[in-house]
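Here's the structure, in structure tokens; my notes come after.
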Amino acid sequence: QVQLVESGGGLVQAGGSLRLSCAASGRTFSSYAMGWFRRHPGKEREFVAGITWNGSNTAYAASVKGRFTISRDNAKNTVYLQMNGLKPEDTAVYYCAQGNYNSDSTRYNYWGQGTQVTVSS
């Protein structure tokens, strides 16, 4: 029903910035919340940021507050994660998800393939 295609990952030095994009298709994009999660090697997926269907509310993990910003452009069926002040501990595979506004990954129904973000010192 839904396909999420992520882009924007890559290699960046500590202190740098990246903007991740997630383009959605197959379902009414503007009707659903979107979220970003990440998975560090050998660990379970963890919540990074979420945004309500109309962008009126956002939520962030404590580790990224003040550095990351989630946004969406419903006209383009795209959600973004602007990442500033990147740290080596931000290195992970980042996943875009669509579903319910929540920090719990089980509340999301559709997932992207993931995009690698690597931050070097």
Side-chain angles (χ1 to χ4, degrees):
Q1 291 180 293
V2 173
Q3 182 178 2
L4 304 176
V5 180
E6 301 166 329
S7 62
L11 175 64
V12 65
Q13 292 185 334
S17 298
L18 286 173
R19 189 181 73 163
L20 306 184
S21 299
C22 175
S25 63
R27 194 165 67 159
T28 305
F29 177 78
S30 62
S31 297
Y32 298 92
M34 300 292 294
W36 286 97
F37 293 76
R38 67 187 182 186
R39 177 176 287 160
H40 297 91
K43 298 183 179 180
E44 295 186 355
R45 189 164 48 197
E46 66 180 22
F47 174 77
V48 176
I51 187 167
T52 53
W53 68 272
N54 62 354
S56 62
N57 295 100
T58 58
Y60 298 92
S63 60
V64 306
K65 286 182 179 178
R67 299 188 298 119
F68 291 9
T69 302
I70 187 172
S71 62
R72 65 191 299 162
D73 186 340
N74 287 348
K76 297 181 178 179
N77 288 356
T78 302
V79 63
Y80 305 94
L81 185 68
Q82 178 66 46
M83 306 186 297
N84 298 326
L86 284 163
K87 304 175 181 179
E89 51 263 44
D90 294 319
T91 296
V93 177
Y94 285 72
Y95 299 88
C96 174
Q98 182 182 118
N100 300 285
Y101 184 63
N102 208 283
S103 61
D104 187 343
S105 63
T106 65
R107 301 299 305 277
Y108 294 83
N109 304 116
Y110 300 96
W111 295 84
Q113 79 287 350
T115 185
Q116 177 70 48
V117 172
T118 302
V119 184
S120 63
S121 299

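What's counted below: heavy atoms across the whole structure, side chains too, no hydrogens, waters or symmetry copies.
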List in chain and number order the residues that pass ring-ring contact (aromatic ring centres under 6.0 Å, His included) with [X], two or more places apart in sequence or in another chain; answer none if no residue qualifies.
X: Y108; answer: F37
X: Y32; answer: none
X: Y94; answer: none

For [X], which residues count as a side-chain contact (heavy atoms from CB on, under 4.5 Å) partner, sequence neighbours excluded?
X: S121; answer: P88
X: N100; answer: R107, N109
X: A59; answer: F47, Y101

Query - Smallest separation among heavy atoms of T91 and H40, with atom names - result: O-CD2, 2.9 Å
Query raised in the report: Hey, quick one: are Y110 and L81 part of the same hydrophobic cluster, counting side-chain heavy atoms closer than 4.5 Å, chains of contacts allowed?
Result: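 Same cluster.
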**Report entry** Same cluster (ILVMFWY, side-chain, under 4.5 Å), F68 and Y80
**Finding:** no
4.5 Å side-chain heavy-atom contact, [X] and [Y]:
X: V119; Y: E89; result: no
X: C96; Y: W111; result: no
X: W36; Y: V79; result: yes

Query - Listed once per pair and sorted, the salt bridge (charged side-chain N to carboxylate O under 4.0 Å, His left out) pairs that draw on residues 71-86, sequence neighbours left out - result: none
Requested in this report: Keeping to residues at least two apart or across chains, list the disulfide (SG to SG under 2.5 Å) pairs with something in residues 44-73.
Outcome: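 Qualifying pairs: none.
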For residues 7-25, tabulate all N or O donor-acceptor pairs below 3.5 Å that involve a side-chain atom, not counting sequence neighbours.
unit_1	atom_1	unit_2	atom_2	d
S17	OG	N84	OD1	2.8

Query raised in the report: What distance separates Q113 CD from Q3 CD, expressed to the nearest 0.5 Å?
Result: 8.5 Å
Query - Summary of side chain to side chain donor-acceptor pair (under 3.5 Å) pairs that have at least one residue in residues 41-51, sequence neighbours excluded - result: R38-E46
Query raised in the report: Residues two or more places apart in sequence or in another chain: which of them pass salt bridge (charged side-chain N to carboxylate O under 4.0 Å, His left out) with R67?
Result: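 With neighbours one apart ignored, the set is D90.
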Side-chain polar contacts of residues 48-56 - donor-acceptor pairs under 3.5 angstrom, sequence neighbours left out - could you list them?
unit_1	atom_1	unit_2	atom_2	d
T52	OG1	N54	OD1	3.3
T52	OG1	S56	N	3.2
T52	OG1	S56	OG	3.4
T52	OG1	N57	N	3.0
T52	OG1	N57	O	3.4
N54	OD1	S56	N	3.1
N54	OD1	S56	OG	2.7

